[in-house]
Protein chains: 2
Amino acid sequence: MSNPVIIDAEPGTSYADISREFDAPVGAVFRAHADPHLFAQWIGPRDLENTVTHWDFRSGGGYAFEQRDAEGNVYAFRGVFHTVVENELIIQTFEYLGAPNEVSLDSIRFESLPAGRSRLVDHSVFPSREVLDTMIEQGMEKGMSEGYEKLDELLAGR
Amino acid sequence: MSNPVIIDAEPGTSYADISREFDAPVGAVFRAHADPHLFAQWIGPRDLENTVTHWDFRSGGGYAFEQRDAEGNVYAFRGVFHTVVENELIIQTFEYLGAPNEVSLDSIRFESLPAGRSRLVDHSVFPSREVLDTMIEQGMEKGMSEGYEKLDELLAGR
């Protein structure tokens, strides 16, 4: 059994609080968010292949990546890094270019746990409840669960 | 009488919808958001003096500015520009460094109105209702009203 993703999106709010534990130290989990070659290996669901097309990982920088399915459909994403604090915090925007200008803002905290474990806590704020509901309907939980399972495998060196 | 600022922050939401009309064309209002020398002349309440310390106005760029009061107290702000579309749209983050890591996200649309007038429509999303309430208690409406009155004066060439 892998560690579960916990997504808490209380009715009436337009944000989700997401947490996920890892059987790996905080530094390794942060590095998998910081390094584009590692990031491309785990982000998103299993049936999509990632290509990072822009990567400038620093406060004031930005990123872009594409996900491609077996049929060749391409889904593109981009954002800016408002804040990057090593091993502690990433605050970044996120936009799926298929729904242009519906930008969300993630504050991702990295917490150290005993026994070389760690926890990621993401406060993910959407422009409205409707946008959040659309994300949930479109499989946000599956995409995150499968992504973090791939991250588990990457961290375990598999 | 100047044009009013309308701030709509429905109970239970963590965002505010702000609109303000201007007796000036959309291009002039956008330019006052794009040019750091113009921006410094109008942003914020009347009793504070602005200094722009960083300005890179483009999608993926960023900004920083400081506001100084008569006693020499300095209030610093910074953010990143997620999207800039000339005369149409700015999507940007906003952080007051006195409340670090409480980042909001503004989607500012510029609309043309008849007779050389225009309207600014800002969807301003906060990390939580508590942060939005704090902003309102700390004089968000006064700061915006006075700022847009200064912008009126700037646009009128006074």
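Letters A, B, ... are given to chains in the order of the sequence lines, protein chains preceding strands, and every chain is numbered from 1.
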> Should A:L38 and A:L120 be counted in the same cluster of Ile, Leu, Val, Met, Phe, Trp and Tyr side chains packed under 4.5 Å apart?
Replying inline: yes
>> Please tell me whether A:F39 and A:Y75 are part of a single hydrophobic cluster in this structure, the criterion being side-chain heavy atoms less than 4.5 Å apart.
In response: yes
>> If the condition is salt bridge (Lys or Arg N to Asp or Glu O under 4.0 Å), which residues does A:D23 pass it with, not counting sequence neighbours?
In response: A:R117
> Residue by residue, which of residues 43-66 of chain B have a heavy atom closer than 4.5 Å to a heavy atom belonging to chain A?
Replying inline: B:G60
>> List the residues meeting side chain to side chain donor-acceptor pair (under 3.5 Å) with A:E95, not counting sequence neighbours, and say none if there are none.
In response: A:R78, B:H82
> Are there residues of residues 99-112 of chain A that reach to under 4.5 Å of chain B by heavy atoms, and which ones?
Replying inline: A:N101, A:V103, A:S104, A:L105, A:R109
>> Please determine whether residues A:F81 and A:F94 belong to a single hydrophobic cluster, defined as Ile, Leu, Val, Met, Phe, Trp and Tyr linked transitively by side-chain heavy-atom distances below 4.5 Å.
In response: yes
> Taking all non-hydrogen atoms of both residues, which atom of B:Y15 and which atom of A:S128 are closest, and how far apart?
Replying inline: CE2-CA, 4.0 Å
>> Around atom CZ of B:R129, are there more than 12 heavy atoms from other residues, nucleotides or ligands closer than 6.0 Å?
In response: yes
> If two hydrophobic side chains count as joined below 4.5 Å and joins carry through other members, does A:F22 share a cluster with A:I7?
Replying inline: yes
>> Using the rule that Ile, Leu, Val, Met, Phe, Trp and Tyr join whenever any side-chain heavy atoms are under 4.5 Å apart, tell me whether B:M140 and B:V125 fall into a single cluster.
In response: no
